[in-house]
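See structure below.
Labels below follow one simple rule: chain letters A, B, ... track the order of the sequence lines, proteins then strands, and each chain is numbered from 1.
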Number of protein chains: 2
Amino acid sequence: MTPDLRTLVERLKAVSHPLRLRTLALLASGELCVCQVAEVLEVPLSSASEALRDLRRAGFVTERREGRWVYVSVVPEAGASSLLKGLIEEAGRLPEAAEDLRRARDIRALEVPVVCSRVQGASSRTRKPALP
Amino acid sequence: MTPDLRTLVERLKAVSHPLRLRTLALLASGELCVCQVAEVLEVPLSSASEALRDLRRAGFVTERREGRWVYVSVVPEAGASSLLKGLIEEAGRLPEAAEDLRRARDIRALEVPVVCSRVQGASSRTRKPALP
DNA sequence: TAGTCAATTCGGGAAAAAGCGAAACAACGA
DNA sequence: TCGTTGTTTCGCTTTTTCCCGAATTGACTA
């Protein structure tokens, strides 16, 4: 149950990163698909995908595939680790996280991932206007 | 009171490192001088000093000078951050930490830092026998 | 089967972190 | 003032991490 030093350090490294930490705080509000994460956090899809891969390797998030989409969420037992619970709580208080959550709410309001087609490769700051 | 994203990430980075994490867990058992830390953790003095500098910058430890020695310890308000408290608790359960604590006990049993003269530059695995 | 779209993987250059001996600094004691 | 001794800083190499466009994969659909 108690991890060894290397494992604990790996887990800490996984969250010692602005994007990954924001991602974790974001997912604490509920699952999203990868392209929604990229959209909300305003980063290229590949960056979001890599952030999620690292969080998955560290054991913080799981995925659920549905058609072409991959929905990611915080693993249930995450609450078990008081460490992670405290971290998510602390991260949730960040101003950046609040901002992300607002965008997430808007995006969740839309049907499914309508959003996705907008991203692929381009930073959302330089992308084209919304869809029909 | 709530740190911003960058600060939180810096603090997490500071502990995402085997030596620094062990150092923190070690100091949780009480203050030590820098050379004692180096001795207990079996690393060169410069490595211990740098680890402590990083932990100090992150706000985890303070120093207290006494003559030529610099005693370091976990900052009192550390307990205030439930995050740090949980982390120290978790780190304390590591087998490596237990090992370190045993060595620390032996070293604390000696008078003051008799130990120090043994280290300077050399890893303790390759150092000369004890003093007179 | 071709085309579309979500997601992952790859490539590779730049930046940051690690690690540690050697030199510099600082506080004592003879 | 010299020589010790504890501590910090420097110099430098090696390793790791970051970042993102481009290519690739895989699932669905017309």
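- Taking only side-chain nitrogens and oxygens, B:Arg56 never comes nearer than 4.0 Å to OP1 or OP2 of D:dT7.
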**Asked** Could you run down nucleotides 25-30 of chain D 5' to 3' and tag each one B, S or - for protein heavy-atom contact under 4.0 Å?
**Response** ---SS-
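- Checked against salt bridge (charged side-chain N to carboxylate O under 4.0 Å, His left out), B:Glu31 has the following partners two or more places apart in sequence or in another chain: B:Arg64.
- Taking CG from B:Leu94 and CZ from A:Arg6, the interatomic distance works out to 12.5 Å, rounded to the nearest 0.5 Å.
- A:Leu5 pairs with exactly one of A:Val9, A:Leu8, A:Thr7 by the side-chain contact (heavy atoms from CB on, under 4.5 Å) rule, that one being A:Val9.
- Under the rule for a side chain to side chain donor-acceptor pair (under 3.5 Å), the partners of B:Ser29 that lie at least two apart in sequence or sit in another chain are B:Arg108.
- If you take OH of B:Tyr71 and P of D:dG6, they are 11 Å apart, rounded to a whole angstrom.
- Between B:Leu87 and A:Leu87, the closest side-chain pair of non-hydrogen atoms is not below 4.5 Å.
- The side chain of B:Pro44 sits closest to C:dC20 out of C:dC20, C:dT9, D:dT7.
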Dump the pairs, protein N or O against N or O of nucleotides 10-17 of chain C, anything under 3.5 Å, distances to one decimal.
unit_1	atom_1	unit_2	atom_2	d
C:dC10	N4	A:Glu50	OE2	2.9

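- For A:Arg64 and C:dA6, the CZ to C1' distance is 15 Å, given to the nearest whole Å.
- The side-chain contact (heavy atoms from CB on, under 4.5 Å) test applied to B:Arg103 returns B:Arg22, B:Val40, B:Glu42, B:Glu99, B:Asp100, not counting sequence neighbours.
- Counting to the nearest Å, the P atom of D:dC19 and the CG atom of A:Leu19 are 7 Å from each other.
- Taking atom CH2 on A:Trp69 and atom P on C:dT8, their separation rounds to 14 Å, with Å as the unit.
- A:Asp106 meets the side chain to side chain donor-acceptor pair (under 3.5 Å) test with no other residue; sequence neighbours excluded.
- Side chains of A:Val72 and A:Thr62 form no contact here, defined as non-hydrogen atoms less than 4.5 Å apart.
- Atom-to-atom, CG of A:Leu41 to P of D:dC19 comes out at 13 Å; the value is rounded to the nearest Å.
- With sequence neighbours excluded, no residue forms a side chain to side chain donor-acceptor pair (under 3.5 Å) with B:Ser73.
- Within the 4.0 Å cut-off from OP1 or OP2 of D:dC19, not a single side-chain nitrogen or oxygen of A:Ser47 is found.
- Taking for each of A:Ser16 and B:Arg65 the nucleotide of DNA chain D with the nearest heavy atom, the 5'-most of the two is the partner of B:Arg65.
- For B:Arg68, there are no salt bridge (charged side-chain N to carboxylate O under 4.0 Å, His left out) partners two or more places apart in sequence or in a different chain.
- Rounded to 10 degrees, the angle between the two end axes of the helix from C:dT1-D:dA30 to C:dA30-D:dT1 is 10°, with five pairs used at each end.
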Report all side-chain donor-acceptor pairs from residues 47-61 of chain B shorter than 3.5 Å, counting only partners two or more places apart or in another chain.
unit_1	atom_1	unit_2	atom_2	d
B:Asp54	OD2	B:Arg20	NH1	3.3
B:Arg56	NE	B:Glu63	OE1	3.2
B:Arg56	NH1	B:Glu63	OE1	3.4

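- Judged as a side-chain contact (heavy atoms from CB on, under 4.5 Å), and not counting sequence neighbours, the contacts of B:Arg93 are A:Thr2, B:Glu89, B:Glu90.
- Rounded to a whole Å, the CD atom of A:Glu39 is 12 Å from the P atom of C:dA7.
- Listed nucleotides: C:dT8, D:dT7, C:dC20. Nearest to the side chain of B:Cys35: D:dT7.
- For the pair B:Leu45 CG and D:dT5 P, the interatomic distance rounds to 14 Å; values are reported in whole Å.
- If you measure from atom CZ of B:Arg53 to atom P of C:dG19, you get 13 Å, rounded to the nearest angstrom.
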